[in-house]
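As the structure lists them, so they are numbered: ligands from 1, and atoms in each ligand from 1.
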Amino acid sequence: MPVNPQSLLSSLNQQTETLTQRLDALHQHLLVSVPSVDRIACALYEAQDDTLKTFINSTRAGRAISGYEYKLADSASLSALARSGEFRVLDDIAQAIRSDTAHSVWLREQGYQSSFTVPLYDGGQLLGFVFFDSMHGNAFTPEVQRDLVLYSNLIGMAIAGELAAVRAVLEATRVARELAQVRDFETGTHLERMARYSRIIAQAVAPRYGLNDEFVESVYLFSSLHDIGKIGIPDKVLLKPGKLDAEERVVMHTHVDKGVQIIDRIVGTGEHRRLPDSTVLRNIVHCHHEYLDGSGYPRGLRGDAVPVEARIVTVADIFDALTAGRPYKQVWSPTDALGELDRMVAAGQLDPACVQAVHDHLEQILTIRARYTDADVEV
Ligand SMILES: [Fe+2]
Ligand SMILES: [Fe+2]
């Protein structure tokens, strides 16, 4: 059956859906014409550290792999594809893939017999790869390949569009921050650490809460915007060195609702949203001061009403606030900070799994802390 580009495009352009949901819809569509494709997965390429990381997948048969990263340079065949822009057909996976990387072992275990790989580019830069896998041998005839290249281009466009939207939002908030000249209250390194701590926690709790790679990536990208509303707080409150009095605290707490307003202005609402799926971003900004026992603000949400992306960022933010040096503040040792997080878990305020993630990945977290110190930033 020929591909119908019109309905394909509409399944990819569903503005309210995540990329994972859109890929699922596209897979459904593809199965009508090519029933033997059991899995479509995309890995994203990060040029900065030459890594490929699992990003979105739609898996009908076999177990999905997630939270996996590897160096592009470690795969000679993918590196060659990235350079040449050619496609790769493997008609007999067991024969063709002999390496013992976690990914190869996983691939063999799933029972996929053949696969088709297409590199994706955006403006000449490598964006990542699309992998099509089949439980059948020789599933990728030249005719099927032709169709799949079309699908791959559409997937590439959808991903590139989404990433461009994310970049636009991050850039707009950076400009807003600079215009308000409030660099003093949050250093660049705080934001860097926040993003990385949040990603570690998100990845660690992903199996428990059923979070996919796309979700983890969103938490990573948006966690640093949690306090964007502080640009609307007057300096005499925001930059006050000592403790805030009751009245000042009320003013300070408005940074959450102000943040949501800023995000609405930047992202847009309703039909004209710049960012197809901004739920994670909005939840992080709106709920990063909520506690599970209902004692947080602004809404005093309880338990499951506090979205998991906000629980993650809350733990990362508190840990960093305690362990990072500020001119007028005493710095806690990581052990003391962990003790404080444990105390807050016992009091029913923080998510136990998120705090456990900090315990379990402390070494990684301390490496990040050492790498992004405030010393090299003007405070
Ligand atoms: Fe905040
Ligand atoms: Fe913060």
Taking N, O or S atoms only and a limit of 2.8 Å, check whether D320 reaches the Fe ion (ligand 2).
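So D320 does not bind the Fe ion (ligand 2) by this criterion.
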
Less than 3.5 Å apart, any donor N or O on the side chain of R369 or Y197 sitting next to an acceptor on the other?
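Absent: no donor and acceptor within the cut-off.
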
Could you tell me whether the side chains of D317 and H289 share a donor-acceptor contact shorter than 3.5 Å?
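No pair is found: no donor N or O on one side chain lies under 3.5 Å from an acceptor on the other.
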
Taking the Fe ion (ligand 1) as the vertex, measure the angle between atom NE2 in H289 and atom NE2 in H255; round to 10°.
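So the angle at the metal works out to 90°.
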
If the Fe ion (ligand 1) is the vertex, what is the angle to OD1 of D227 and NE2 of H288, rounded to 10 degrees?
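Vertex the Fe ion (ligand 1), arms to OD1 of D227 and NE2 of H288: 90°.
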
Please check if the distance between the ring centroids of H255 and H226 is under 6.0 Å.
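Between H226 and H255, which both carry aromatic rings, the centre distance is not below 6.0 Å.
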
Can you give the angle H190 NE2 - the Fe ion (ligand 2) - H226 NE2, rounded to 10°?
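The two atoms subtend 110° at the Fe ion (ligand 2).
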
Cationic tip of R193 within the cone over Y372's six-membered ring, i.e. under 6.0 Å and within 45° of the normal?
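Judged by the rule, R193 and Y372 form no cation-pi pair.
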
In D317, which N, O or S atom comes closest to the Fe ion (ligand 2)?
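Output for this pair reads OD1.
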
Which residue is it: V306, V205, N283? I am looking for the one with a side-chain contact (heavy atoms from CB on, under 4.5 Å) to R311.
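Going through V306, V205, N283 one by one, the side-chain contact (heavy atoms from CB on, under 4.5 Å) with R311 is satisfied by V306 alone.
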
